[in-house]
Every structure is written in structure tokens, then in C-alpha cells.
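Notes follow the structure.
Values in this document were obtained by computation on a predicted structure and should not be read as measured data. Order of the sequence lines fixes the chain letters, A, B, ..., with proteins taken first and strands second; residue numbering starts at 1 for each chain.
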4 protein chains.
Amino acid sequence: MAAIEAAGQGVAWKDGDPGIGPTYLFLDPDGHELELYWETEWYAAPDELRPSLKNQAQAYPGRGVCVRRLDHVNYLAQDVPRCGDFVRDVLGGRVNEQIQLDDGTISAQWLHFTNKGYDLVYTRDWTGTRGRLHHVAFAPDTREDIIRAADICLDHGVFIETGPHKHAIQQTFFLYVYEPGGNRIELCNPVARLVLAPDWRTITWTEAERAKGQAWGLKTIESFHTHGTPPVA
Amino acid sequence: MAAIEAAGQGVAWKDGDPGIGPTYLFLDPDGHELELYWETEWYAAPDELRPSLKNQAQAYPGRGVCVRRLDHVNYLAQDVPRCGDFVRDVLGGRVNEQIQLDDGTISAQWLHFTNKGYDLVYTRDWTGTRGRLHHVAFAPDTREDIIRAADICLDHGVFIETGPHKHAIQQTFFLYVYEPGGNRIELCNPVARLVLAPDWRTITWTEAERAKGQAWGLKTIESFHTHGTPPVA
Amino acid sequence: MAAIEAAGQGVAWKDGDPGIGPTYLFLDPDGHELELYWETEWYAAPDELRPSLKNQAQAYPGRGVCVRRLDHVNYLAQDVPRCGDFVRDVLGGRVNEQIQLDDGTISAQWLHFTNKGYDLVYTRDWTGTRGRLHHVAFAPDTREDIIRAADICLDHGVFIETGPHKHAIQQTFFLYVYEPGGNRIELCNPVARLVLAPDWRTITWTEAERAKGQAWGLKTIESFHTHGTPPVA
Amino acid sequence: MAAIEAAGQGVAWKDGDPGIGPTYLFLDPDGHELELYWETEWYAAPDELRPSLKNQAQAYPGRGVCVRRLDHVNYLAQDVPRCGDFVRDVLGGRVNEQIQLDDGTISAQWLHFTNKGYDLVYTRDWTGTRGRLHHVAFAPDTREDIIRAADICLDHGVFIETGPHKHAIQQTFFLYVYEPGGNRIELCNPVARLVLAPDWRTITWTEAERAKGQAWGLKTIESFHTHGTPPVA
């Protein structure tokens, strides 16, 4: 918090979110609102959702896609490295992978705080807007769950933007859909990929490498660079 | 029908099952009731269950185990080969695999009418009772669905008898559970296994081979030879 | 054979293919060479390839993609329905699904002889050439095997044309690659899809329906309509 | 290192392991030899093993089980909590899950240093021997890879001790086999399970809970408590 204040990005303490205690609101350099919290209350499942195995929080839902956890958030930003530097220097993240265009611009950065390959991503907003969301990603258990999710979305009229396929960057198996409000949701499975080396070196992808598309050759969809929320007027 | 009557196993024509026209009721030699039908009415999904792809009958349910089809029925019988002969000679099935005990007894037969490895199975009832059911099997899309099903059953208090594992015979990936009424249900995935050779030769397993258990070594559970429905008084 | 001769498409008896006895060579209306055989010799695995389970022909290879069987063949043809009629009327197949363009032309037909959704496919050759191959398809056990195959192809420099994705027609999970000689190979997984209804009705897809692309929205790749083997001079 | 020396468990610096620099050898309280290293040399793949995606160390092997990483090591120990305390207090691990018998004895502990659920496990050796190995675990990409592995082991004569199934503790999908020298190898898939809560509380399983067997009911195999390496004379 001291570091955030020193960086001039702090806003205020807030209270009122159930189960996580007071939160400290601040802004990243692109204007996205972020909050820190510490006093988490452990979830106690009601009887009808009690799990059979005590090392899990709740019974397996068995409805719809069955995501297990929030995996990461991807923001659009006017100035990607300025945001990445803030996350690295002030919040303690590390840049795991990034894209550098031929003119030297860093157009995307994948940052992580944990052993997961990435927790927070910044991607350049081609519309030049500030403060927008690219997508929120949820992880179900398996790649097969992602494929099932595609079937479920297809039959429920949920718009599928692209996938399932595997990203070249981070090698995540993915499906992108829009929820009814227009926000892009990624359903992702990172397989067994973890960053365990303490001296991991940032992977930098060039324009030529990115031109190959996703891992197995699917071209990156055009709307990926422009569709964000809120929509640009 | 003529063949069934000639075999003295015919009972009567019935009417009243929705969507399949009149049915011809008959008995197999162990006393199980079977019916033949022909005038199937094609299912037309109501609006809310209409599929996105016109080559499927209904939208993907996205709830629970999501089985796709009835795969096979397994009866318990006092005299297995007598039943198998009836199915082969009168109904036109073929014996794909079977178990022969050291004393020469055929204790189980897997029969098929289609390119599936088996549609109807007879297993010896160790209690000596006639006319009982061993299990009904439903196939979801994948092996991963069977594993998910185990999680769903675990958290919904559905009794898991054995599995998931792979059968040695027919190599089906399986999970056996009891529905609340006590009937055994198999959730099965036959992977890509089809009998396409017109001259397929019946595979006969010996007692010694069966003593190895299921494909990867799981011992066949004791209740498999005795639990059937209705229960023996 | 008599039916083929009557149709004027017979060529000659041949001998020399190991393990399948004499073969009867004939042509489909587009000029593709086909052969019929009957006297198949059952494969006996040498010691080092002997399987642990006696109901499979050979030990699981555990190398590369591990396909289990030839699934289907897809020919390009100048006149699709003429080929489809021949297969239906002379060879005894049935048309399971087909594409009909707005001008009435049947541009593709999926035919089957077994309970599999399709064994033989004819697709219109946009180059107008006769007698070419679109692809040969092999089925491994699972969809996961198809995804693994994509990784294997990627790292072995095998050209991936499109996929993995799911076809709208037949709903097969697919990956298309070119083998070093230029022939297109499909690795396919039909999941649990079988045609078991004796009164299955041909599904006809319109141009508008096909414009939606594959099952989850992937656009059909342009080379699909033109790349065939042998290449057009 | 200072902490290890202070605990009286240090042995000596060594050199000679390729690629990891000098190592500091020490013993855990049960006498297992452990080494610390820091100066890791990054692997540079030779041409024939070069990956297509630059964020992976080597091309996907495409042979056999295709494990991706060493996942964890499980030691047998005379005195489990003494080892666990050492790992926690001296090495900085945390106890994620454990088993406590009715008489109060801690008979197994799962410890982690990273966000993985466990990196090091101690299990009571029922033979009372010190310093033995229970198993080493390797993680392939998916659960389907574990199932494939069972097929590969079956057809290559590799002894399968138990599995595939899912552990109740840690919920890992597992397969246990013995390599030719007799060491137990686990092939494991932890699905998407990570410990991300900084205030995770140790889960303690009772004897009654463990009596239920593994997640879906498979009984824990007897040899699990006695087979270790080296064998007891």
C-alpha cells in the first residue's frame, strides 16, 4: 500500500465487499480500478452444497461449464509497458512473456505473482482507449471441459469468438465467448504448465513469430485487437 | 416374430408405449421380458431444446453426466448359453466375446446386432435366480465424461460400486453406480471400438485370464456376481 | 460384382495384395480405383508386438499419434451425386448427410455401409478435375489424442492445414495435416456417434447453414475446395 | 544452508552433477539424502529436439508416456512429523494436508514450497525402516495421458500396482507402476489444483475418513504401506 501511494496511484480504503474485509482501491497507469484485500473469510458451504472430500470448498456443481477458479484478467491498455512496469515494480509481479513489435513497441505483457504462468495481462488497445477490459478467464479442470463448454455455448446461443485452440504464448488451451453483456470471457486450461524456475527469463515474441498465429496455426482473430468493454462510442 | 413364435417364446402384441407404435412382447429363455417395435416416431425437440446443429436430436443438456445414448443391457441368467443361443438363432445376434470356466460352463456372453462390440450381455447369476437385471449402460461422449460422472456421483451421494477403470472384455471404460432404486447403472465409453470385420471370431476368455481382473488389474468386485434387481428375497 | 459389371464399372480380378486374397478392381463414375476383397487373413502379431489383452490385434504402439483404424476416405469428384448414386445403388451404401447448394447442386455426400456415420465421402472438386483424393482419415482413441497429434505435428514440422475443431457435418473432431508427399490426412474422432436407426433420414445442409463454418464457428479453409492429390498441373 | 547446519543435518558441499553447479548435501531426520543447488544451467535443445514454440524447452517427445515434469517425491519415514517439522521449520515448506490416526499419530504429511498442492510427502513406513523411498512422481499433461500410460504399461509388461483413480488427499489422478529396478513411480495429474490462498489451513484426515479409500472408493492397496526401496531384507 505504501508502494502504491508512493507511486501516486492510491485512491482510498473501502468497505462493503462481503467476505473479504476492507479493500484498498487504486488505479493502474491505464486507469483500471484494482483493489487489495487481506482479511478473507473462508467459505463454508451450506448443507446442500457440502463436498464429499473435505479438501474442496464446495460440491462439484455438475451444471454447465463447471469452472473451478478465476484464472487471470487481461486488460487493454494504451501503454502496455507502463502498466507492466507498475505491476512489476510496485505490485511485485514478473513479466513471463511479452510481444515486441518490429518498431520496438511492447504490445503485450503476461505477468505473474504465483507459479501460474500468468495472473494479469496487458494488451495494447488498437482503438487507443484507456481503461478497458479485454477478458476475464476462468479455468475448468480439463481441456475436455473446454470442448464441452463449446458445445454448451453453441446450444445456448452464447457467441463463440474463437477457439477452442491452443495459444502459442503461454500454451493455454482456450475458448473465447461473449457473455450477454458483451464482456469477453475466456475458458482456459493451462494443462500442467507452471513456472517453477526462480530464474525464469522473459520470453519475447517478435512480429514474425506472432504472424504464425496460435500454436497449431489458427490466425489470431481481428476482433481480438479491438473488442473490449466498455465499447468505444 | 415368426421365429420367436416358433421358438415358443412369444407372448402378445401390446400398444401404449408413446412414440414407438405397437410392440411385440416375448420372453428370453431366462424369463426376461423383451419387446420388439418398428414404427418409431422421430423426436421433434421443443423450442427450448432445439439443437444448433441439425444432425442431432436435441440441444446438449449441459447438466449432470450428459449421457448420449443407451449403450447396452446386461441380464443375469441361470443358463447363459441357452439365452445366448436364443439371441443368436432367433433374434440374429452374434456372440462377440464370452467367458468359459474350467469346467466348460459358459458363464457370460456378449452379443451384438450392430457394429458396436455388444448390445446385450448375459452373465451367470450366482444366486441361481432367473430373470434378473445386472445393469443398464449409458454412453456419454468421452472417457473424461465418465471421470466427471464419478465426481458428480461422489458429491450427490450416488453409490459408486466400482470404477472408473477399463474392462478387459470389450475394453470399455466404465463406472458402475446404483440408482436410488437399487438398479445398477453403467456409464461406459467404448472409445473407438467397433466390430467391422464380417468374419470376427468369438473371443473366449478362460478362468485364468479372468483372474487377472480388469484391463489394468482392478479385481472384479464380488457384488458383481450377486447384486441384481429385483433383489433376491 | 455382378452389380458392378452390370453398371459397366468393372475392370478385372487382381492378385498380389498380401493378406487379403484376390481383389476385384473397378472404377467409380469419377474414375477412382476401388477394389473389393473377401478372403482376409487374420493378423497374428509377432512376439514383440503381442497384446496383453487377447481381444486386440496388436500391442498399443505408444509412439506418435497411435491411430487405431482407418476411419473413412474422402474423394474429390466432378459430379458428386453420380458417385453417390453409384455407391448407394450398386455398392449398397446410404447417404447419411449431404450439402445442397442454392442452385440445387449436391456438392458433397457422406455415405455409410456400417453403423459408423460415414465410410466414404464425395466432395465437389472446384478445379473440375476427375479422380482425385481429398483425404484419408484415421481414428485414434480419443479427442485428446487428436490434440496431442497437433503437438506432435507441430514439433515434427508436419503441415497443419486446419483444426483441431469439430465438423458441423457428422460432428467429427478433426485435425487435417499433409503427409510429406502432399496427401491430406485427417485424424478424426467421431466421439460416440453411430447411426443406429434403421430409418435414418438424410440430413441436407444448405449454403446458408454451411456459411456458419464448422461446429464452433471456424471458417472452412479455402484450400479444402482445391487441394487434392494428385495436384492439378 | 545456515539453517540446515544449525539443525545439525548438513553433510558437505559436492560438485559434479552436470548442469546444476555445486550442491549442498544434507539429511532429513529420517536419513534421506537431499541436495540444494542454485546455479542451474538452462537447457539448450540440440537441433533435432528444438521445439516449435520458443516457450518450451524441447520438442514434444511423442514416445511413450510423455511426462512433462518431475511433480513430487514421496519418502517413507519412521517418524513422519519429525521430518515434516524439519521441512517446515528449516526448509520453509508448509503442511498442506496430513493424516492423523485415532491414537494421535501423524502418519503422513504433504508439504509444499510452491503453489502446487505438494512437492514432498512423508508417509509412515509400516516396516519401521528408515530412509526409504515410497515413490517419485512425474506429471504428463492430462488425465487422458495417465489412461494412455496404463495401456502402454500393460502392453510393455510394466507392473501396475494400482490405478488409474483419483486420490482423496490432494485429489490427484494417479497411476502407480514399478520400474524394472523395483522403484515405485507415480504418473500423476493434479488437474487444475493449486494452493493460491496465503492463509490455507492444513487439512487433517482421520482414520475413519481414510477408511473410505480413494476419492471414488478404491481401497488403498496394502502394498502401499510396505513396498518401498530399497527393499527390507
Side-chain angles (χ1 to χ4, degrees), chain A residues 64-65 140-179 184-193 205 209-224 227, chain C residues 64-65 140-179 184-193 205 209-224 227:
Chain A
V65 176
D141 286 355
T142 66
R143 294 198 289 215
E144 280 290 337
D145 284 328
I146 307 277
I147 293 175
R148 271 183 87 247
D151 281 337
I152 291 171
C153 291
L154 177 66
D155 270 347
H156 283 73
V158 175
F159 176 71
I160 297 175
E161 188 186 30
T162 185
H165 202 89
K166 183 166 92 162
H167 279 298
I169 297 175
Q170 301 283 354
Q171 301 198 16
T172 308
F173 194 73
F174 66 82
L175 176 72
Y176 289 94
V177 303
Y178 296 172
E179 52 87 22
R184 183 190 280 112
I185 303 288
E186 180 183 7
L187 297 168
C188 71
N189 179 266
V191 189
R193 194 172 179 86
W205 299 80
E209 286 162 350
R210 295 304 305 124
K212 291 182 191 171
Q214 300 306 330
W216 303 310
L218 182 71
K219 290 307 159 204
T220 302
I221 201 159
E222 193 68 12
S223 54
F224 236 58
H227 179 90
Chain C
V65 175
D141 285 355
T142 66
R143 293 198 288 215
E144 280 289 338
D145 285 328
I146 308 277
I147 294 176
R148 269 184 86 244
D151 280 338
I152 292 171
C153 290
L154 178 66
D155 271 346
H156 283 75
V158 175
F159 177 71
I160 297 174
E161 188 186 31
T162 187
H165 201 90
K166 183 166 93 163
H167 279 298
I169 297 174
Q170 302 283 354
Q171 301 199 18
T172 308
F173 194 72
F174 66 81
L175 176 72
Y176 288 93
V177 302
Y178 294 172
E179 53 87 21
R184 185 189 280 110
I185 303 288
E186 180 183 8
L187 297 168
C188 70
N189 179 266
V191 190
R193 195 173 178 85
W205 299 80
E209 287 163 348
R210 295 304 307 123
K212 292 182 190 171
Q214 300 305 331
W216 303 311
L218 182 72
K219 292 305 159 204
T220 302
I221 201 159
E222 192 67 11
S223 53
F224 236 59
H227 179 89

Segment of A:Ile147 engaging chain C (4.5 angstrom heavy-atom cut-off): both
Here the pair of heavy atoms bringing A:Trp216 nearest to C:Gly163 is CB-O, 4.1 Å
If you count heavy-atom pairs within less than 4.5 Å of chain C, which of A:Asp151, A:Leu218, A:Leu175 leads? A:Asp151
